[in-house]
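Written out below as structure tokens is the structure these notes cover.
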Amino acid sequence: MSFMDAKFSKWGEVETAVLSQSLAKRFARVMLAAVLAASFLPVAAFADEGGAVSDPVGNAFKGPDKIQYGVAAQYTNMTSRSEYKWDYIRDNDGGDVTISYLDNLYPNHKTVSVMGTQVGHVTLVVSGGDVDEERFEIEITKRNVTLKSTNVSKTYDGEPLACPVSVDPGFATFDDVYCISTSSRTNVGITNNNTFEIIFIKGSPDSYNITKFETGIVEITPRVVTLTSASGSKEYDGEPLTNHKVTVGEAARDTGWVDGQGATYSFTGSQKIVGSSENAFECIPNEGTNLDNYQINKTYGTLTVTDRSEKYQITLTPNSKSVAYDGTEKSVSGFETLEFHINGQTFYVSGVEASATGTDAGEYPVTKSGQAVVTDAEGNDVTDQFIVNIDDAKLTIVGVDSDKSASNLPHTGDSAALYAMGICGVAIAAGAGALFTFRKRNNYK
């Protein structure tokens, strides 16, 4: 600070100058005004020179005047001291803090960490050295905490899934607080707006401004189950080919049933004739198993029936017939049976005919015609698996005995009728004691 006058070039010349009385009075008034002005300067004006005074609103402290509950802030005393001793005074509203010396960062303790441990007000006090103590009031405010139920999902595993809760920025480390979801789901689907409760084991909700967003979504997706039916093959034997085996994906890889759950399988897959088809099946859930919780992927095996290497043999026997000659046409047709049983299965033959006709005494071979077709009980054509044989048969017309008397033969009494019956001879009038002489022909023995 310097006080300059127009008659002096610098403040040091005043000591050797001879002042007039009027000038001396004027100088005195200037000095008094300077002293009075200096007494109202703030502490900061003297801080660099170690001349700080107790002034809670001054610049002797560097740090916030408010901190949240459970939050730490650094405070520095700007006054030069040979040592720094920190303490605090609780105000009437119950505020409280903890003060930690940061030896690794500030071994001289000029700067400390202060954490608010109870909502209210406290006054920091710094003392030490030959400098008066200084004070600084701070307020510990409620901690702002935002809680949200967050989105979560998983593959169905039979266990309930609750919505987790995110906390920003978190509760004080010295409090013990739990967020418990009050809604969850176990089965496949989505639950919106999941709620939760906040439980304080240690600490109090009065220390917080808590904002809740219960908008979380819980989703459970279907569990994949891969089911594969077995394959099979055989030569044709007339019986259906089936294979009632199913391979289930591994549960450890999330491709199988959850432990304690499962299903039985109803097979519709069957192959009876030559060819191939899928080994299809349906799932029948066990008790406690909900198929809606699963994405079931089926892979069907193949059932294959091949042609027989040795064909089945079927022999048809045509009907035979033996009749006595009577002068009329005789006939025979058809087969003894067209139905056959092999391996417990029934087969039918069609498409063939057998017949013979004759009038005169003798043997007439049965004539066979057509192409044999073999079908099973369901009407499937299985001809290729069979060789159809047809036995020989005949129609036999047996001639009558030639020693029979004419009276035992059918006639009208005239020679013409007798001749028509195959009897030739000389007729004598019946009234004259007729005598007949016969000549033997083929229809008579």
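Qualifying salt bridge (Lys or Arg N to Asp or Glu O under 4.0 Å) partners for Lys110, counting only residues two or more places apart in sequence or in other chains: none.
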For residues 335-343, please give each side-chain donor-acceptor pair under 3.5 Å, one per line with the distance, not counting sequence neighbours.
residue	atom	partner	partner atom	Å
Thr337	OG1	Glu339	N	3.1
Thr337	OG1	Glu339	O	3.3
Glu339	OE2	His341	NE2	3.1
His341	ND1	Thr346	OG1	3.1
Asn343	ND2	Asp237	O	3.2
Asn343	ND2	Tyr312	OH	2.9

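The existence of a salt bridge linking Arg90 and Asp96 is confirmed by a sub-4.0 Å separation between a basic side-chain nitrogen and an acidic carboxylate oxygen. With salt bridges taken as basic N to acidic carboxylate O contacts below 4.0 Å, one links Lys212 and Glu214. Salt bridge Lys368/Asp392: present, at least one basic N to carboxylate O contact under 4.0 Å. Looking at Glu137 and Lys66, no side-chain N of the basic residue comes within less than 4.0 Å of a carboxylate O on the acidic one, giving no salt bridge. With salt bridges taken as basic N to acidic carboxylate O contacts below 4.0 Å, one links Arg135 and Glu133. By the 4.0 Å N-to-carboxylate-O rule, Glu378 lies close enough to Lys272 to be salt-bridged with it.
Note that CD of Glu363 and OG of Ser320 are 10.0 Å apart. Values are rounded to the nearest 0.5 Å. Rounded to the nearest 0.5 angstrom, Ile217 CD1 and Arg185 CZ are separated by 11.5 Å. For the atom pair CD (Gln313) and CD1 (Ile387), the distance works out to 4.5 Å, reported to the nearest 0.5 Å.
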Let's go through Tyr325 and Asp360 carefully: what are the C-alpha distance in whole Å and the side-chain angles of both, what is the deciding distance for side chain to side chain contact (heavy atoms under 4.5 Å, CB included) to 0.1 Å, and is it a yes or a no?
CA-CA 7 Å; Tyr325 171 80; Asp360 292 335; 4.1 Å; yes
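Side-chain N/O atoms of Asn77 and Glu134 include a donor and acceptor closer than 3.5 Å. The closest side-chain donor-acceptor pair between Glu235 and Ser309 falls under 3.5 angstrom.
A cation-pi arrangement is absent between Lys142 and Tyr208 under the rule of less than 6.0 angstrom and at most 45 degrees off the ring axis.
Annotation: side chain of Ile67 is in contact with side chain of Ile140 (closest heavy-atom distance under 4.5 Å). Using a 4.5 Å heavy-atom threshold, the side chains of Leu316 and Asp391 count as separate.
Between Tyr294 and Trp257, the distance from one ring center to the other falls under 6.0 angstrom. Aromatic rings from Phe200 and Tyr178 are positioned such that their centres are separated by 6.0 Å or more.
Aromatic ring orientation, Phe267 versus Phe281: tilted (interplanar angle from 30° to 60°). Aromatic ring pairs are classed by plane angle as parallel below 30°, tilted from 30° to 60° and perpendicular above 60°; the pair Tyr69 and Phe174 is perpendicular.
Within 6.0 Å of NZ on Lys154 lie more than 12 heavy atoms contributed by other residues, nucleotides or ligands.
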